[in-house]
Amino acid sequence: MLKAIVFDFDGVIVDSEPMHFAAFVEVGKPLGVQMDYATYLAQYIGFDDRDAFAHMLGSLGQTPSPGQIEALGQEKARAFERLASDRVTTIPGSVALIDEALAAGLPIAIASGATRADIDLMLGSIGRAEAFPTIVSADDVARSKPHPASYALAVQKLAAAHPALKLVPGQCLAIEDTAAGLQSAAGA
């Protein structure tokens, strides 16, 4: 029986992938990274920023240090914030589903490979900053999607917030848009 919904964020609630792509291109270009949107969708969608930059630099024959990955992630976050400040749009039907779940008293959460800052920025932009008391971002897990940690942690947090439900992962609906995300949800 369905007791909760765990949403991915980018590509499920908001149409942010074009902005993420633009930010990756802006930060990656000086490093020699060249990609078009089709390549981004085929190779990088579903990765968190850490894994995306590691893969990008690895494709250039480089082995990035954790410090370099951290610095690139911060630079990308600044670029994304600038790009997303006025261009956030929702996926058709996503806000209605969120509102219907809340009206029905169904617990909801986010399990995303995005950073918490990105999620908070965009939830605020679409007027749903308070809709998700349970959010798991790339900042909360050591390994992001396709690893199951994001979804497992989201369900653990939902279960703690709603102990009367005796919630287990199989009672949650995961809403995803990528193969890595589906693998993460199934693994949880």
Side-chain angles (χ1 to χ4, degrees), residues 5-28 33 35 37 39-56 66 69-92 94-95 97-98 108-158 172 174-185 187-188:
I5 300 174
V6 182
F7 292 83
D8 176 38
F9 190 68
D10 295 310
V12 168
I13 296 174
V14 294
D15 186 17
S16 55
E17 293 303 344
M19 292 176 288
H20 282 290
F21 166 71
F24 276 122
V25 167
E26 183 177 312
V27 174
V33 174
M35 73 174 130
Y37 193 61
T39 301
Y40 170 76
L41 292 176
Q43 295 182 19
Y44 299 103
I45 195 166
F47 284 171
D48 65 15
D49 292 353
R50 297 172 299 216
D51 291 338
F53 280 119
H55 189 272
M56 285 177 204
I69 295 293
E70 174 76 21
L72 290 169
Q74 290 173 0
E75 187 177 346
K76 191 251 180 188
R78 288 188 296 275
F80 182 83
E81 183 176 349
R82 189 183 71 257
L83 292 165
S85 64
D86 63 351
R87 294 197 289 177
V88 178
T89 59
T90 60
I91 299 296
S94 64
V95 172
L97 179 58
I98 292 164
I108 60 174
I110 290 173
S112 177
T115 66
R116 182 61 187 253
D118 288 354
I119 294 168
D120 289 344
L121 171 74
M122 290 185 282
L123 282 176
S125 292
I126 65 169
R128 294 300 181 277
E130 305 300 320
F132 291 93
T134 302
I135 297 174
V136 174
S137 71
D139 304 325
D140 300 312
V141 293
R143 295 180 62 199
S144 200
K145 301 172 186 178
H147 193 275
S150 298
Y151 276 97
L153 183 56
V155 173
Q156 289 171 4
K157 287 183 170 193
L158 280 173
C172 299
I175 301 181
E176 261 297 342
D177 69 328
T178 67
L182 290 172
Q183 185 178 348
S184 176

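Without hydrogens or angle criteria, S184 side chain to A180 main chain gives no donor-acceptor distance under 3.5 Å. Using a distance-only test at 3.5 Å, with no hydrogens or angles considered, a donor-acceptor pair links the side chain of D140 to the main chain of S137.
When all heavy atoms are compared, the tightest approach of A111 to A154 is CB-CB, 4.1 Å. When all heavy atoms of A84 and M19 are compared, the pair lying nearest together is CA-SD, 3.5 Å. Between L83 and A23, the closest heavy-atom pair is CD1-N, 3.6 Å. Contact detail for A109 and L158: the closest heavy-atom pair is CB-CD1, 3.7 Å. Minimum interatomic distance between A114 and S112 (heavy atoms only, all atoms of both residues): N-OG, 2.9 Å. Contact detail for P148 and A188: the closest heavy-atom pair is CB-N, 3.5 Å.
Using cut-offs of 30° and 60° for the angle between ring planes, the F7 and F132 rings count as perpendicular. Ring geometry, Y44 versus F47: the interplanar angle exceeds 60°, so the pair is classed perpendicular (tilted spans 30 to 60°).
Atom OG1 of residue T115 and atom NZ of residue K76 lie 7.0 Å apart, to the nearest 0.5 angstrom. A distance of 9.0 Å separates CZ of R82 from CZ of R87, quoted to the nearest 0.5 Å. Considering CG of L97 and CD1 of I108, their distance stands at 8.0 Å, rounded to 0.5 Å. The CG atom of D15 lies 10.5 Å from the CE atom of M122; values are rounded to the nearest 0.5 Å. Atom CZ of R128 is separated from atom OG of S94 by 9.0 Å, given to the nearest 0.5 angstrom. Rounding to the nearest 0.5 angstrom, the gap separating the CD1 atom in I135 from the CG atom in L153 is 12.0 Å.
Side-chain atoms of S16 and D10 form a donor-acceptor pair, as typed in the model, at a separation below 3.5 Å.
With F9 as the fixed residue, the side chain to side chain contact (heavy atoms under 4.5 Å, CB included) test singles out one of I175, L123, V136: L123.
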Checklist line | Stepwise salt bridge (charged side-chain N to carboxylate O under 4.0 Å, His left out) check, R116 with D139 | finding: CA-CA 7 Å; R116 182 61 187 253; D139 304 325; over 6 Å; no
Next item on the list: Evaluate side-chain contact (heavy atoms from CB on, under 4.5 Å) for E176 paired with Y151, printing each intermediate quantity in order.
Entry: CA-CA 11 Å; E176 261 297 342; Y151 276 97; 2.7 Å; yes
Check: Given I13 and I126, is the side-chain contact (heavy atoms from CB on, under 4.5 Å) satisfied, shown in steps?
Finding: CA-CA 10 Å; I13 296 174; I126 65 169; 4.0 Å; yes
Check: Given the rule in the side-chain contact (heavy atoms from CB on, under 4.5 Å) test, do E70 and Q74 qualify, once you have shown the distances and angles that lead to the verdict?
Finding: CA-CA 6 Å; E70 174 76 21; Q74 290 173 0; 2.9 Å; yes
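Within the 4.5 Å cutoff, the side chain of L72 has no heavy atoms near those of the M56 side chain. Counting only heavy atoms from C-beta outward, the side chains of Q43 and M35 never approach each other to under 4.5 Å. Put simply, the side chain of D49 reaches to within 4.5 Å of the side chain of F24, judged on heavy atoms.
By the neighbour-count criterion of 12 heavy atoms within 6.0 Å, atom CD of E17 is densely surrounded, having more than that number from other residues, nucleotides or ligands. Within 6.0 Å of CZ in R143 there are 12 or fewer heavy atoms belonging to other residues, nucleotides or ligands.
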